[in-house]
Amino acid sequence: MAREKDNIYAAPLQQMVDFRFDERVVSVFPDMIQRSVPGYATLISNIGTMAARYVQPSSHCYDLGCSLGAVSLSLRHAIDKPDCKIIAVDNSEAMIAKAREVLAEDEKSVPVELRCADINEVSIEMASVVVMNFTLQFIAPELRQALIQKIYDGMLPGGVLILSEKLAFEDPQTNQFHIDSHHAFKRANGYSDLEISQKRSALEKVLIPESLSQHQSRLHQAGFSFVEKWYQCFNFISMVAIK
Ligand code: GEK
């Protein structure tokens with residue numbers, strides 16, 4: 001896929017509007033996520049590698065908040081069990097339309113069902129793998145426990161939930177260290193201070209990060225027997241939770 005450069009926040013904006021996953025974002029999304037999430041490519045490939053260890057025959061794999069389907073593609077190339085289906089969900093029509101094009105260019109035969117829907121309203125059934133790669137952070141905090149519970153209830157014993165999130169840290173100095181490190185990462189990737197600060201304002205009410213202990217206790221409360229952080233770069237982490 002040719003990468004169009006993200007310069008959405010490059011010029012000063014008269015009025016700040018909340019961030020939305022619209023057509024403009026879709027057209028630059030691969031560039032945006034690559035230059036904004038430290039280790040994005042490492043996460044995507046290792047999600048496939050990990051999923052391959054937990055996927056069960058005749059089960060479903062979910063990619064919740066699939067955007068352009070990067071996780072679905074990684075799963076599709078890693079899954080080697082018969083009769084599996086990937087269900088990829090996003091509530092942005094623009095994302096789903098583009099994901100459909102991206103997946104059509106891939107020759108692997110594991111079926112991927114794309115659904116334009118709110119993940120709070122999608123049923124989870126016979127799941128051996130569920131991935132939320134930077135999606136839960138966009139869900140209203142009061143809905144998060146019910147969503148995690150629904151996922152747990154729809155999973156097969158031995159199934160894995162892979163949950164990647166931007167974190168907030170309880171200790172202010174630690175929090176500031178990670179925010180500053182992330183901003184330095186973005187600067188090193190060509191974003192200006194203006195772009196970084198305008199994007200931060202646009203995301204303020206939309207992306208609500210929580211602490212690692214909040215995530216861990218929610219996962220344990222839902223019933224997951226094993227919860228482990230397997231990846232961290234600055235304030236970006238990924239966890240596994242096994243039923
Ligand atoms: C990747 N996982 O490339 N229901 C469905 N989708 C939602 C909802 C919702 N309620 N809220 C937000 N989304 C991807 C990256 S991006 C992360 C995920 C980021 C969708 C939203 O439309 C967007 O496509 C995705 O969640 C979050 O690995 O951009 O920081």
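Residue numbers count from 1 along this sequence. Remember, it's 1-based here, ligands and their atoms both numbered in the order they're listed.
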Distance from [atom] to nearest protein heavy atom, with residue and atom:
{"atom": "atom 15 (C) of ligand 1", "result": "Ser67 OG, 3.3 Å"}
{"atom": "atom 7 (C) of ligand 1", "result": "Asn91 OD1, 3.1 Å"}
{"atom": "atom 10 (N) of ligand 1", "result": "Asp118 OD1, 3.0 Å"}
{"atom": "atom 28 (O) of ligand 1", "result": "Asn133 ND2, 2.9 Å"}
{"atom": "atom 19 (C) of ligand 1", "result": "Phe138 CE1, 3.7 Å"}
{"atom": "atom 3 (O) of ligand 1", "result": "Tyr40 OH, 2.5 Å"}
{"atom": "atom 4 (N) of ligand 1", "result": "Ile119 N, 3.0 Å"}
{"atom": "atom 29 (O) of ligand 1", "result": "Phe21 CE2, 3.2 Å"}

Numbered atoms of ligand 1 (with element) below 4.0 Å of [X], judged on heavy atoms:
{"X": "Val71", "result": "28 (O)"}
{"X": "Ser92", "result": "22 (O)"}
{"X": "Phe134", "result": "16 (S), 17 (C), 18 (C), 27 (C)"}
{"X": "Met95", "result": "24 (O)"}
{"X": "Ile44", "result": "28 (O)"}

Where does [X] meet ligand 1, judged by heavy-atom distances below 4.0 Å: at the side chain, the backbone, both, or neither?
{"X": "Asp90", "value": "both"}
{"X": "Ala117", "value": "backbone"}
{"X": "Leu64", "value": "neither"}
{"X": "Ile139", "value": "side chain"}

Is there side-chain contact between Leu43 and Ser164, with at least one heavy-atom pair below 4.5 Å?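 When only atoms from C-beta onward are counted, Ser164 and Leu43 do touch, with a gap below 4.5 Å.
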Would you say the side chains of Asn133 and Tyr40 form a donor-acceptor pair under 3.5 Å?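 The criterion, which ignores hydrogens and geometry beyond distance, is not satisfied for Tyr40 and Asn133.
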Side-chain donor-acceptor contact under 3.5 Å, His183 with Asp193: no
Could you say whether the N/O atoms of Asp63 and ligand 1 ever approach to under 3.5 Å?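 No.
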Any N or O of Gly65 closer than 3.5 Å to N or O of ligand 1: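 Looking only at distances, the answer is yes, because the N/O contact criterion of under 3.5 Å is met.
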Side chain to side chain donor-acceptor pair (under 3.5 Å) partners of Asn120, counting only residues at least two apart: Asp118
From the options Val131, Ile242, Val129, Ile148, select the one residue that forms a side-chain contact (heavy atoms from CB on, under 4.5 Å) with Leu161. Ile148
Those residues that, when tested against Glu204, pass salt bridge (Lys or Arg N to Asp or Glu O under 4.0 Å) (two or more places apart): none
Could you establish whether Leu68 and ligand 1 come within less than 4.0 Å of each other, counting only heavy atoms on the residue side? no
Give a yes/no verdict on a cation-pi contact between Lys243 and Tyr152, requiring under 6.0 Å between NZ or CZ and the six-membered ring centre and an angle within 45° of the axis. yes
Donor-acceptor contact present, side-chain Lys150 to main-chain Val122, <3.5 Å: yes
So does Glu170 get a backbone contact from the side chain of Thr174, meaning a donor-acceptor N/O pair under 3.5 Å?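 No, because the side chain of Thr174 does not come within donor-acceptor range (under 3.5 Å) of the backbone of Glu170.
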Would you call Lys186 and Glu195 a salt bridge, using N to O less than 4.0 angstrom?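 Here Lys186 does not pair with Glu195 in a salt bridge, since their nearest N and O are not under 4.0 Å apart.
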Looking only at heavy atoms, what is the nearest atom pair of Glu125 and Tyr62, with distance?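 Here Glu125 and Tyr62 meet closest at N-OH, 2.9 Å.
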Paired with His178, the ring pair (Phe, Tyr, Trp, His ring centres under 6.0 Å) test is passed by just one of Phe185, Phe234, Phe169, namely Phe169
